[in-house]
Structures are given as C-alpha cells and as structure tokens.
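A quick write-up on the structure given underneath.
Chain letters run A, B, ... following the sequence lines, proteins first, then strands; residues in each count from 1. Quick caveat, the model's predicted, so the values are computed rather than measured.
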2 protein chains.
Amino acid sequence: MPKSAGGKSGAKTGARAARPNNIQDLARIAGVSAATVSRALAGTGNISATTRERIRALASELDFRPSNMARSLRTGRTGTVGVIVPLGHEKSQHISDPFFMTLLGYIADRIADRGYDLLLSKVVPHDPEWLSRQVDTGRVDGMIIIGQSNQSDVINSVARFYNPLVVWGAALPDQIYCSVGSDNRLGGKLATEHLLSLGCRKLAFFGDPSVPEVEQRLNGFRDALRGVEGAVGATLPVHFTPEQALEDIAGFLDLADKLDGIFATSDTIAITALQALLDRRRAVPQDVKIIGFDDLDLARRTVPALSSVRQDLEAGAEALVDILFRKIAGEEVESVMLQPQLVVRGSTVSD
Amino acid sequence: MPKSAGGKSGAKTGARAARPNNIQDLARIAGVSAATVSRALAGTGNISATTRERIRALASELDFRPSNMARSLRTGRTGTVGVIVPLGHEKSQHISDPFFMTLLGYIADRIADRGYDLLLSKVVPHDPEWLSRQVDTGRVDGMIIIGQSNQSDVINSVARFYNPLVVWGAALPDQIYCSVGSDNRLGGKLATEHLLSLGCRKLAFFGDPSVPEVEQRLNGFRDALRGVEGAVGATLPVHFTPEQALEDIAGFLDLADKLDGIFATSDTIAITALQALLDRRRAVPQDVKIIGFDDLDLARRTVPALSSVRQDLEAGAEALVDILFRKIAGEEVESVMLQPQLVVRGSTVSD
DNA sequence: TTTCGCGCTGCAATCGATTGCTGAAGGTCA
DNA sequence: TGACCTTCAGCAATCGATTGCAGCGCGAAA
C-alpha cells in the first residue's frame with residue numbers, strides 16, 4: 001500500500017493541471033525546480049519576489065500543501081508537542097478525569113496559539129521504557145508530562161539526555177527536570193487552617209499520599225494541625241477513581257462519627273465525600289465542613305458549593321507551554337511554582 | 001539545526017557501543033545491512049530467526065528505536081489518528097468544554113487500545129480550507145471530527161476524496177460521510193414528553209438551533225408539544241459559553257414568570273439554568289422542572305441532581321474509532337445512530 | 001568590449017527506514 | 001558429481017522536502 005487510502009487524487013473542478021502529489025509535480029507544472037518551489041512555499045533563502053508569488057498562487061490554486069512528514073524528516077522539527085499522562089497509580093484511571101481534562105484543554109489552547117499540534121498519549125507505565133519510547137521515535141519537538149505519578153526516577157533518567165521536557169506536578173528535591181505546579185504544602189496548610197479557624201478539631205485528610213503532590217498536601221495538613229492544641233487528623237488514602245473512592249469514603253464515614261472537617265486532595269474526591277455525607281444525613285457545613293483542592297469548574301456547581309484551594313490551571317498551562325518552547329529554543333529555564341489560593345464557599349461557611 | 005535538541009547522545013552506563021542514531025549505525029554494529037535490521041525489528045520479510053533475535057536483543061540493549069518519521073514517509077502510514085474540533089459557532093468556545101472532554105477521553109482510550117496516537121487539533125474554521133489543511137499534510141491515517149458545527153459542506157467536499165473520516169454529530173440528509181450520533185429528535189421528544197407528562201405546559205427550549213444537533217432536538221421538542229393541547233413552547237438560542245449562557249438565561253427568566261418546564265440542549269446549559277433559577281428562588285422541581293441532554297458526570301452531581309437525556313458517549317467513542325479503523329482498512333461502513341435514553345432525577349421529580 | 005559582482009535558480013546530497021529484486025550459500029536428489 | 005531449489009541477506013531505489021554549493025545571466029564599472 002504505497003499511497004495511503006485517500007491520497008490526493010481528487011481535484012477541484014476546472015483545475016488546470018492534475019493535482020500535484022508532491023513538490024516535484026508542482027515544480028514541473030511551474031517550470032522550475034523542486035528547490036525553487038520549496039523556497040517559494042517556505043519563504044526562505046534567496047528567491048525573487050516574482051517567482052515566489054507565482055508559485056504560491058499556483059500552489060493555492062491547485063490546492064497543494066507539502067508533506068509534513070518529509071519536511072520533518074529532513075529538518076528534524078515536527079511542529080508537534082507531546083502531552084503524556086502516566087497513569088501509574090490507577091491502572092483503570094481514565095483519561096477523562098475532570099482535572100486532567102481541564103488542564104489539557106488549557107494546554108491545547110496554548111499550543112494551538114503557537115501553531116503547533118498536540119500529540120496525546122496515555123500510558124500505563126508498566127515498564128521503565130514508557131517515556132523513552134515516546135521520546136525516541138522523534139514525532140514530537142518536546143513533551144509535557146502531566147503528573148509524575150511515581151515515575152520521577154524514570155523521568156529523571158530521560159531528562160538527562162532529553163531536554164525539551166516539562167512536568168506538571170510536585171517540585172521534588174532530586175528532580176533534574178523542569179516542573180510547574182502549585183505550592184502544595186502551602187495549599188494543604190491553607191485549607192487546614194481554614195477548617196481549624198472555623199472550629200473544626202477532628203479532621204480527616206482524603207487522598208493517597210504515595211502520589212507526590214498529595215504527600216506534600218498532607219504535609220501542609222500536618223503543619224497546620226501541629227499549631228493547634230487538641231486538633232487531631234486522620235489520613236484516608238482514597239483512590240482516584242470515583243467508584244473506588246466512594247467505597248473507601250463511605251466505609252470511613254460510617255466509623256468516624258466525631259468527624260467535623262474534611263480536607264480532600266481533589267475536588268473530585270471532595271464531591272464524592274460531599275455526596276456520601278449528604279446520603280448519611282450529615283449536614284454540610286453545619287455538622288461537617290469540607291474543602292477540596294483544584295477549584296475546578298465543578299466546585300462552583302455543587303450544592304452547597306465547594307470550598308477549595310485554587311490552582312490556577314490556566315496560568316499553569318501557560319507556564320508549561322512557555323517553558324517548553326523556551327527549552328526547544330535552547331534557553332535555560334527554571335521551574336515555576338504557583339501560589340495556591342483559598343476559595344471559601346458554602347461547604348465550609350454557610351451563606 | 002540538523003539534529004533537534006536532545007538527540008540521542010546519551011547512553012546507558014556500560015553500553016558496549018555508542019548509542020546508534022539510526023538503523024544504519026545499528027547495522028554496522030551488528031555486522032549486517034540496514035535492510036536486515038529493518039526486517040528484524042519489523043518482523044517482516046525473510047529473515048532467519050537467529051539473526052532476528054540477535055538484532056532485536058542488540059537494539060534493546062543499546063536502547064535503539066527506529067524513527068517513526070522515516071517509516072511514515074516511506075510507508076505512508078503514520079500510526080496516528082487526528083481528532084479535530086471545529087469551533088464554528090463560538091469563537092471563544094473552549095476546548096475544555098466538559099462534553100467535548102468526556103467524549104475525547106473515551107476516544108483517546110479507544111485509540112490507545114489500538115496502539116495509535118492521537119493528534120488533537122482545535123480549529124476555528126474561518127476559511128473553507130481548515131479541513132483539507134489538516135488532511136493533506138499527511139500526518140494522520142484518519143480523522144475524527146467532533147461536531148459538524150455549521151461546516152457540513154466543507155466536510156462533504158473533503159469527504160469526496162478523503163475517505164478515512166468519521167464525524168460525531170447529527171445525521172444530516174445530504175451528508176456523504178459517516179457519522180455517529182444520537183437520535184437527537186427522539187431524544188428531544190423523550191425529554192419534552194417527560195416534562196409534559198409531569199404536567200408542565202409552559203415550556204422553554206434552551207439551545208442554539210443553528211447547530212445541527214440542536215435543531216434536531218428542537219424538532220423533537222416541537223413534535224412532543226404538538227401532541228398536547230394547551231402546551232406552549234418558547235425557544236431561547238443560548239450560547240455555548242457559560243458566561244454568555246448565564247446572561248441569556250437570566251434575562252429570559254426574569255421575563256418568563258409563567259415558565260414551568262425547561263429542556264436544555266446540554267447539561268452545561270441546564271446547570272447554568274438551574275443556578276439561575278435557584279438564584280431567583282424558584283424551586284426546582286416544584287416551580288420549574290428542568291431536564292438536560294448528554295447525561296454527563298456533572299448531571300449526577302448537582303443538587304437537585306439533573307434529569308437528562310443520556311447519550312452513551314462511551315459507545316459512541318467506540319463506534320467512531322471502530323468505523324474509522326474499518327475505513328482505514330478499506331471497508332465500506334455505515335453511519336451509526338445511538339438510542340438516547342431518558343434519565344430521571346431530582347430536577348424533574350422530587351425524591 | 002571585457003571583467004567583476006550579485007542575485008537567482010538548479011543540482012544533488014541528505015534525512016532514516018522500507019522493500020523488490022538479485023544472488024550467494026547450502027541442501028537435496030538423481 | 002552436477003543440476004536445481006530454497007533460504008536468507010544485501011544492493012539500491014524510493015518516500016518528499018530541504019539546503020549547501022555551483023553556476024548562469026545580466027548589469028555595471030573600467
């Protein structure tokens with residue numbers, strides 16, 4: 001199958017010549033060499049304005065566009081950025097998780113702004129090759145990795161020889177790659193202090209601390225607890241998948257009847273918890289106050305609306321893409337840490 | 001910049017030879033020709049098992065993977081599927097719309113299952129070239145278009161000569177391309193009949209009927225109304241962007257004080273309407289009943305939970321991808337129409 | 001009129017993998 | 001021992017665009 005299905009056999013009605021399949025065809029039609037056509041279309045090198053415009057007009061009339069594959073092969077540039085989600089923790093986790101989708105949306109917009117395309121890969125890292133496999137095959141000019149998961153070592157080892165790489169997630173002490181993420185510890189502290197300031201003393205942290213971001217938030221939770229006498233905090237390592245999470249949380253709530261405050265490490269988990277609470281006729285925020293993390297669109301839509309620690313994902317996406325393109329251009333770039341912000345709504349404070 | 005940043009200069013500690021940059025290098029190291037290496041790695045053609053395994057082992061040891069660009073150029077296959085969202089109606093519409101993201105998530109999963117990659121493009125079709133530009137440059141083996149928007153003509157004209165193309169959206173009478181979508185008219189009818197059966201008589205349809213899917217739902221709305229004496233229905237062409245939608249809806253609600261039932265053409269719009277109603281102290285479902293369309297995850301999470309017309313997006317994604325791969329394989333394929341399903345929750349019926 | 005210079009264009013190599021065809025090596029059979 | 005077949009590997013062309021270098025032609029200066 002030398003020509004893939006489709007090809008370019010179609011032609012506009014009334015086109016003068018057969019639709020050119022490649023730059024050579026067009027060159028023949030125009031009566032010049034392929035080199036000239038290439039220069040005309042790319043606008044590079046020495047070429048007379050007359051010739052350039054003539055060839056461009058012809059190309060547009062015959063509806064010809066040069067092959068990106070061939071150009072990429074020759075130039076080594078692809079015009080494509082890879083976005084990759086390693087789902088290390090939850091094999092069944094879905095790419096359609098709202099947090100991920102929101103961030104992806106912003107990233108897609110920013111990448112599109114620069115005229116690049118976005119190659120999306122979801123990988124379940126069951127072997128340490130997952131990243132180099134993506135990097136090596138040369139289909140992208142750079143990669144954005146969303147969430148280290150538990151794969152920081154692998155990322156480090158690839159980052160050693162592959163520069164154009166940015167990671168969304170926690171800033172880890174031993175990382176040699178650039179990352180963009182919130183100050184998770186501070187965020188955790190803010191959330192917890194908020195609960196404490198409202199009088200909560202029997203707190204719970206919902207989230208799996210084997211994920212680096214979550215661990216940092218948990219540290220912030222503990223920081224805040226240490227400052228208040230009589231306050232206690234339990235940790236429930238909730239799964240990320242909604243069904244599992246509901247089960248985990250329901251079991252916990254049935255036992256924890258003294259509970260008066262919940263800090264959930266994501267809005268998704270918080271909302272699940274909210275539902276579990278309401279199902280059990282425990283009033284929010286009167287009996288139990290609950291605060292999430294991320295401040296996704298969802299948070300505003302629940303009843304009561306969810307308090308949360310806002311991560312500015314739009315700014316984060318901007319930073320990720322900006323850093324990546326700088327790296328591609330060869331600049332030295334620093335990691336970025338975003339300031340989280342407390343957003344208070346009805347799930348912690350009644351109207 | 002002949003070698004893009006990064007390259008493959010890195011080597012594993014203790015690797016015997018320098019890391020091969022291409023198949024030729026590896027061939028030299030292995031003492032065979034490039035052709036043999038190619039056959040060994042691809043597993044094609046005549047090659048002895050001994051040689052094949054030896055070369056594979058060597059490749060894996062030296063961490064070599066052949067260039068996808070070069071392979072694509074030669075074979076005409078890319079291992080990539082394009083997913084493209086034409087945002088014809090709302091220039092400012094965001095790719096991170098929950099409906100789109102949900103569908104994209106499922107599609108991404110299905111495509112990944114087949115070992116393909118997903119090239120995501122968001123385009124604002126300001127000229128009729130937008131699609132052929134994507135198709136021509138030969139970076140994908142096929143394309144999934146999410147939503148015709150108002151671009152059915154353009155899609156038709158490309159479909160005439162480019163076969164591997166599937167569209168999510170309305171089935172239109174004059175389309176020559178394959179589409180996957182719900183029976184929107186039936187869905188609209190189900191939703192409206194539901195409202196009518198609960199006693200609603202002053203109905204409103206929220207949605208912009210210049211979008212084909214929406215128009216079909218509106219037809220279903222009218223079908224149902226026709227059957228009931230004394231029932232009236234207004235149409236409010238709400239924008240898709242949340243801010244605009246809120247404004248549109250708020251203005252309408254302030255005037256329409258007799259309103260007792262709303263059919264919104266998406267859950268997003270329904271939720272916006274729900275909020276606008278609650279802001280105005282109009283009880284849902286007692287004063288006004290409201291039903292959405294899509295049955296996204298969101299719908300379950302509002303209070304009261306949103307009744308909706310379920311589109312099975314998971315099945316839809318499956319069908320889209322299945323059809324696309326069949327087309328790529330050269331099969332003749334038919335369009336698919338999914339059966340929508342009424343999902344009743346608290347926004348139309350109190351517990 | 002000759003020479004030099006400059007602006008364009010073409011030639012041909014190149015990016016890296018694939019694949020049809022050729023032919024060498026080794027085995028089989030008469 | 002010789003003819004013939006099978007198996008496997010290499011040669012070289014190919015995909016389509018890019019780009020360093022060579023060279024042509026024309027105008028200007030001497």
Subject >> d(CG, B/D25; C1', C/dA17) in whole Å >> reply: 13 Å

Original post:
Pick the nucleotide of DNA chain C nearest each of B/Q24 and A/A49; which residue has the one closer to the 5' end?
Top reply: A/A49

**OP:** Give a yes or no on whether a donor-acceptor pair under 3.5 Å exists between the nucleobase atoms of D/dT18, that is its base, and the side chain of A/R71.
**Re:** no

**OP:** Round to the nearest Å and state the distance from A/N46 atom CG to D/dA22 atom C1'.
**Re:** 14 Å

**OP:** Rounded off to whole Å, could you give me the CZ-to-C1' distance for the B/R65 and C/dG16 pair?
**Re:** 16 Å

Original post:
Rounded to whole angstrom units, what separation is found between the CG atom of B/N22 and the P atom of C/dT14?
Top reply: 13 Å

Subject >> Under-3.5 Å donor-acceptor pair between B/R39 side chain and D/dG10 base >> reply: yes

**OP:** Answer with base, sugar-phosphate or nothing: what part of the nucleic acid does B/S72 contact at a heavy-atom distance below 4.0 Å?
**Re:** nothing

Original post:
Is there a side-chain contact between A/L324 and A/I328, using heavy atoms and a 4.5 Å cut-off?
Top reply: yes

**OP:** Please report, rounded to the nearest Å, how far the C1' atom of C/dC15 is from the CZ atom of A/R139.
**Re:** 17 Å

**OP:** Provide, to the nearest angstrom, the distance between the CG atom belonging to A/N21 and the P atom belonging to D/dC15.
**Re:** 11 Å

Original post:
Is the phosphate of C/dC15, meaning OP1 or OP2, less than 4.0 Å from a side-chain N or O of A/T75?
Top reply: no

Original post:
Nearest nucleotide by nearest heavy atom, which residue falls closer to the 5' end of DNA chain D, B/S33 or B/L73?
Top reply: B/S33

**OP:** Look only at the side chain of A/E53 and the backbone of A/T50, and say whether a donor-acceptor pair between them is shorter than 3.5 Å.
**Re:** no

Original post:
Phosphate oxygens OP1/OP2 of C/dT9: is one of them under 4.0 Å from a side-chain N or O of A/S48?
Top reply: yes

Original post:
Rounded to the Å, how far apart are B/R77 CZ and D/dC15 P?
Top reply: 15 Å

**OP:** Could you tell me whether the phosphate oxygens of C/dG10, OP1 or OP2, come under 4.0 Å of any side-chain nitrogen or oxygen in A/T36?
**Re:** yes

Original post:
Hey, are the side chains of A/L165 and A/K327 touching, using non-hydrogen atoms and a 4.5 Å cut-off?
Top reply: no

Subject >> Test item: A/D141 side-chain N/O and A/R77 main-chain N/O as donor-acceptor pair under 3.5 Å >> reply: no

**OP:** Give a yes or no answer on whether the side chain of A/N68 reaches the backbone of B/R139 with a donor-acceptor pair at less than 3.5 Å.
**Re:** no

Subject >> Whole-Å gap separating P (D/dG16) and CG (A/N68) >> reply: 14 Å

**OP:** Could you tell me whether B/V32 contacts a base, only the sugar-phosphate backbone, or nothing, with contacts defined as non-hydrogen atoms closer than 4.0 Å?
**Re:** sugar-phosphate

**OP:** Ignoring backbone atoms, establish whether B/S67 has a side-chain N or O less than 4.0 Å from OP1 or OP2 of C/dG16.
**Re:** no

**OP:** Could you say whether B/A70 or B/A35 is positioned toward the 5' end of DNA chain D, judged by the nucleotide with the nearest heavy atom to each?
**Re:** B/A35

